[in-house]
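Below you'll find the structure, written out as structure tokens, and then a few comments.
Remember, it's a predicted structure, so these values are computed and weren't measured experimentally.
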Amino acid sequence: EVQLVESGGGSVQAGGSLRLSCAASGFTFDEYAVGWFRQAPGKEREWISYINNGDSSIYYTESVKGRFTISADNAKNSVYLQKNGLEPEETGRYYCAAAGKPLKALYLVWGAYDYWGRGTQVTVSS
């Protein structure tokens with residue numbers, strides 16, 4: 001059974017940094033693609049970033065380019081999202097999700113993913 005557990009959230013001041021982790025079990029990164037999403041209060045789930053080592057694909061939503069970095073560890077059991085220069089608008093619960101195959105153009109669609117973690121809360125104060 002695939003399990004995803006997010007961690008690394010917390011409260012930071014605007015301009016601060018956080019490193020989110022997504023730890024996987026029953027999961028082989030070589031066979032899965034991983035995306036990060038944010039659910040802000042009162043808003044729909046929004047795609048943030050995507051990584052698939054199989055085809056060397058890394059994508060970011062335009063608003064975070066140059067500030068966020070997605071990566072995978074050597075054991076291929078965790079995916080990270082380094083977030084710098086955080087803005088209050090980026091407050092929300094961050095989720096990682098896994099898909100059993102490359103998603104191509106579907107990487108920004110939440111319904112295309114097969115597994116989800118329960119999320120980790122990030123609060124950015126001004």
>> Looking at every heavy atom in both D55 and P102, which two are closest together, and how far apart are they?
In response: OD2-CB, 4.1 Å
> Could you state the interatomic distance from CG (N52) to NZ (K104), rounded to the nearest 0.5 Å?
Replying inline: 9.0 Å
> Which atoms form the tightest heavy-atom contact between Q82 and S17, and what is the distance?
Replying inline: NE2-CB, 4.0 Å
> What distance separates L4 CG from D114 CG, expressed to the nearest 0.5 Å?
Replying inline: 10.5 Å
>> Before we go on, tell me: are the rings of W36 and Y94 under 6.0 Å apart, centre to centre?
In response: no
>> Is there a continuous path of hydrophobic side-chain contacts, each under 4.5 Å between heavy atoms, that joins V64 to I70?
In response: yes
> Between F68 and L86, is a side chain to side chain contact (heavy atoms under 4.5 Å, CB included) present by the stated rule, with each step listed?
Replying inline: CA-CA 9 Å; F68 290 13; L86 284 163; 3.9 Å; yes
>> Let's go through L20 and V122 carefully: what are the C-alpha distance in whole Å and the side-chain angles of both, what is the deciding distance for side chain to side chain contact (heavy atoms under 4.5 Å, CB included) to 0.1 Å, and is it a yes or a no?
In response: CA-CA 9 Å; L20 306 185; V122 172; 4.1 Å; yes
> Would you say L81 and V34 are hydrophobically clustered, going by side-chain heavy atoms of ILVMFWY under 4.5 Å?
Replying inline: yes
>> Counting C-beta onward and ignoring hydrogens, is there a side-chain heavy-atom pair between S126 and P88 closer than 4.5 Å?
In response: yes
> Roughly how far, to the nearest 0.5 Å, is the OH atom of Y95 from the CD1 atom of I48?
Replying inline: 13.0 Å
>> As a test of understanding, state which of E87, E46, E44 forms a salt bridge (Lys or Arg N to Asp or Glu O under 4.0 Å) with R38.
In response: E46
>> Give me the atom names and distance for the closest heavy-atom approach of G119 to R93.
In response: O-NH2, 2.9 Å
> Can you check whether C96's main-chain N or O pairs, donor with acceptor, with E6's side chain at less than 3.5 Å?
Replying inline: yes
> Quick one: CG on L103 to CG on L108, what's the gap to the nearest 0.5 Å?
Replying inline: 9.5 Å
> CH2/W110 to CD/Q39 distance, rounded to the nearest 0.5 angstrom?
Replying inline: 10.0 Å
> How long is the gap from CD1 on I58 to OG on S49, to the nearest 0.5 Å?
Replying inline: 7.5 Å
> What's the verdict on side chain to side chain contact (heavy atoms under 4.5 Å, CB included) for Y80 and D73, showing C-alpha distance, side-chain angles and the deciding distance?
Replying inline: CA-CA 8 Å; Y80 308 97; D73 71 5; 3.5 Å; yes
> Applying the ring pair (Phe, Tyr, Trp, His ring centres under 6.0 Å) test to Y107, which of Y113, W47, Y60 qualifies?
Replying inline: W47
> At their closest point, which heavy atom of A99 faces which heavy atom of A112, and how far apart are they?
Replying inline: CB-O, 4.3 Å
>> Looking at every non-hydrogen atom in both residues, tell me the closest pair between A97 and F37 and how far apart they are.
In response: CB-CE1, 4.4 Å
> Which heavy-atom pair separates S125 from Q13 by the least distance, and what is that distance?
Replying inline: OG-OE1, 2.7 Å
> Would E89 and V124 count as a side chain to side chain contact (heavy atoms under 4.5 Å, CB included) if you check the C-alpha gap in whole Å, the side-chain angles of each, and the deciding distance to 0.1 Å?
Replying inline: CA-CA 8 Å; E89 294 77 12; V124 185; over 6 Å; no
